[in-house]
Amino acid sequence: MSKIYVTGLGPGAADQMTKKAEKVLEHCPVIIGYTVYIDLIRDQFPDKIFLSTPMRKEAERCRMAFEEAEKGRDVAMVCSGDAGIYGMAGLICEIGKEYPGIGIEVVPGITAASGGAAVLGAPLMHDFAVISLSDLLTPWELIEKRLDAAAQADFVICLYNPSSRKRADYLEKACGIILRHRSPETVCGIVRNIGREGESYEILSLERLRTTQTDMFTTVFIGNSQTMELNGRMVTPRGYKDV
Ligand code: SAH
């Protein structure tokens, strides 16, 4: 039975890919994914058949993977970061119901939250919530509700998909909601191009974050009430004991 390996590549750097992911890519003759991710690995695996579809054609991309697997060859469906965090693992499992003869294995990777946290220092040492600001698949009202609840409960908040050209003011709106419960001085961090060329980061207050422009290659970290800046690093203490 041929198999689809839904594989997280990590944030970008070759040495941040797991050994298992590398083995899977070596093993599978066919590699499918969004063009940006395929471009990250094309040079490393020159002999593979690479297939792709544009950004918003995820279901089509999954069907393509099953059709290739039905031809009798193993397929790697690649995603950035972790395949099961805003990746393709869920859709492959859903569509997999229609293809009972094809095996599915999910291969995890380093997600942007942990890759970016390492760049900033140690912002995720205590309870944290991960929220995507993309309203393509989630109604904005629900995103607002989750932002409000996470801010109220003093979670460190990690934001994926903080903005795009069409959603230029979403980060500003999100910060506005969080400011209902948090001080404008709350320590925040942004990391761009984690593990890729042009990796950069900044530590700034929630007030300043509110008017900062980000893009779709940025992950945003909003500290909890205890988070501090220590020698240029964003650090959340492990506990609240001495408060
Ligand atoms: N499956 C991915 C997330 C995909 S959602 C993962 O686990 O990391 C896409 C969002 O993830 C981007 O908009 C950005 O917020 C974040 N992201 C993914 N890779 C990134 C990188 N290399 N640098 C900064 N942010 C990244």
Side-chain angles (χ1 to χ4, degrees), residues 5-18 20-21 24-25 31-41 52-58 61-62 76-93 106-121 123-124 128-138 140 143 146-147 150 156-175 188-204 209 212-222 234:
Y5 294 87
V6 203
T7 308
L9 300 177
D15 59 3
Q16 287 188 338
M17 188 189 292
T18 66
K20 173 83 185 263
V24 162
L25 296 182
I31 301 178
I32 303 184
Y34 174 49
T35 338
V36 175
Y37 309 141
I38 292 284
D39 287 345
L40 289 173
I41 51 171
S52 193
T53 65
M55 185 80 159
R56 303 275 293 275
K57 303 276 184 187
E58 280 84 8
R61 206 181 306 149
C62 290
M77 163 65 89
V78 296
C79 315
S80 82
D82 186 286
I85 300 178
Y86 309 120
M88 302 292 283
L91 202 49
I92 285 282
C93 293
V106 181
V107 181
I110 296 179
T111 189
S114 55
V119 173
L120 287 168
L124 304 182
F128 66 99
V130 177
I131 300 174
S132 165
L133 295 192
S134 169
D135 62 353
L136 290 176
L137 301 169
T138 309
W140 178 252
I143 297 172
R146 288 182 177 162
L147 287 165
V156 176
I157 300 171
C158 182
L159 299 176
Y160 282 47
N161 299 302
S163 55
S164 71
R165 253 165 287 146
K166 276 196 201 142
R167 301 180 287 111
D169 62 340
Y170 279 27
L171 180 60
E172 188 183 340
K173 286 202 271 182
C175 289
C188 299
I190 54 181
V191 193
R192 290 196 173 89
N193 296 312
I194 302 160
R196 297 181 191 168
E197 217 176 288
E199 179 183 275
S200 66
Y201 74 96
E202 195 181 339
I203 296 175
L204 68 181
L209 178 67
T212 297
Q213 281 301 322
T214 55
D215 58 24
M216 59 185 292
F217 299 110
T218 306
T219 300
V220 172
F221 297 76
I222 294 152
M234 179 177 178

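Heavy atoms only: backbone and side chains are in, while hydrogens, waters and symmetry mates are out. Whatever order the structure lists ligands and atoms in, that order sets their numbers, starting from 1.
Backbone and side-chain nitrogen or oxygen atoms of Thr218 are examined, and one is located within less than 3.5 angstrom of a nitrogen or oxygen of ligand 1. When only interatomic distances are considered, the shortest N/O to N/O separation between Pro162 and ligand 1 does not fall below 3.5 Å. In terms of N/O distances under 3.5 Å, ligand 1 is approached by Met216. Remark: ligand 1 and Gly87 share no N or O pair separated by less than 3.5 Å (distance only, no angle test). Residue contacts with ligand 1: Val191 is placed with no nitrogen or oxygen under 3.5 Å of a nitrogen or oxygen of the ligand (distance criterion only). Between Thr111 and ligand 1, at least one N/O pair is under 3.5 Å apart.
Nearest residue to atom 22 (N) of ligand 1 from Ile194, Val36, Leu133 is Ile194 (criterion: closest heavy atom).
The contact set between ligand 1 and Arg196, taken as ligand atoms under 4.0 Å from a residue heavy atom, comprises 19 (N), 22 (N). Short contacts between ligand 1 and Pro11, defined as distances under 4.0 Å to a heavy atom of the residue, involve ligand atoms 22 (N). Residue-ligand proximity, Asp82 to ligand 1, at heavy-atom distances under 4.0 Å covers atoms 1 (N), 6 (C), 7 (O).
Within a 6.0 Å radius of OH in Tyr170, other residues, nucleotides and ligands contribute more than 12 heavy atoms.
In terms of protein heavy atoms, atom 24 (C) of ligand 1 is closest to Phe217 O, 3.0 Å. Scanning all protein heavy atoms for the shortest distance to atom 11 (O) of ligand 1 gives Tyr160 CD2, 3.4 Å. Atom 25 (N) of ligand 1 has as its closest protein heavy atom Thr219 OG1, 2.8 Å. Atom 8 (O) of ligand 1 has its closest protein heavy atom at Ala112 N, 2.9 Å. Counting only heavy atoms of the protein, atom 4 (C) of ligand 1 lies nearest to Tyr86 O, 3.7 Å. Atom 9 (C) of ligand 1 has its closest protein heavy atom at Asn161 OD1, 3.4 Å.
Not a single donor-acceptor pair under 3.5 Å links the side chain of Arg196 to the backbone N or O of Leu40. Between the Thr138 side chain and the Asp135 main chain, no donor and acceptor come within less than 3.5 Å of each other. Between the side chain of Asp82 and the main chain of Gly109, a donor-acceptor pair closer than 3.5 Å is present. In terms of modelled atom types and a separation under 3.5 Å, the side chain of Thr18 and the main chain of Ala21 share a donor-acceptor contact. Remark: side-chain polar atoms of Thr7 are not paired, donor with acceptor, to backbone N or O of Val107 under 3.5 angstrom. When atom types are taken as modelled, the side chain of Arg146 and the backbone of Ala129 share no donor-acceptor pair closer than 3.5 angstrom. Between the side chain of Ser132 and the backbone N or O of Asn161 there is no donor-acceptor pair closer than 3.5 Å.
Side-chain atoms of Thr218 and Asp215 form a donor-acceptor pair, as typed in the model, at a separation below 3.5 Å. Counted by atom type alone, Tyr160 and Ser134 present zero donor-acceptor pairs between their side chains at under 3.5 Å.
When heavy-atom distances to ligand 1 are checked against a 4.0 Å cut-off, Asn193 comes that close only through its backbone atoms N, CA, C and O.
At least one heavy atom of Ser80 sits less than 4.0 Å from an atom of ligand 1.
Here the closest non-hydrogen pair linking Phe221 and Leu120 is CD1-CD1, 3.3 Å.
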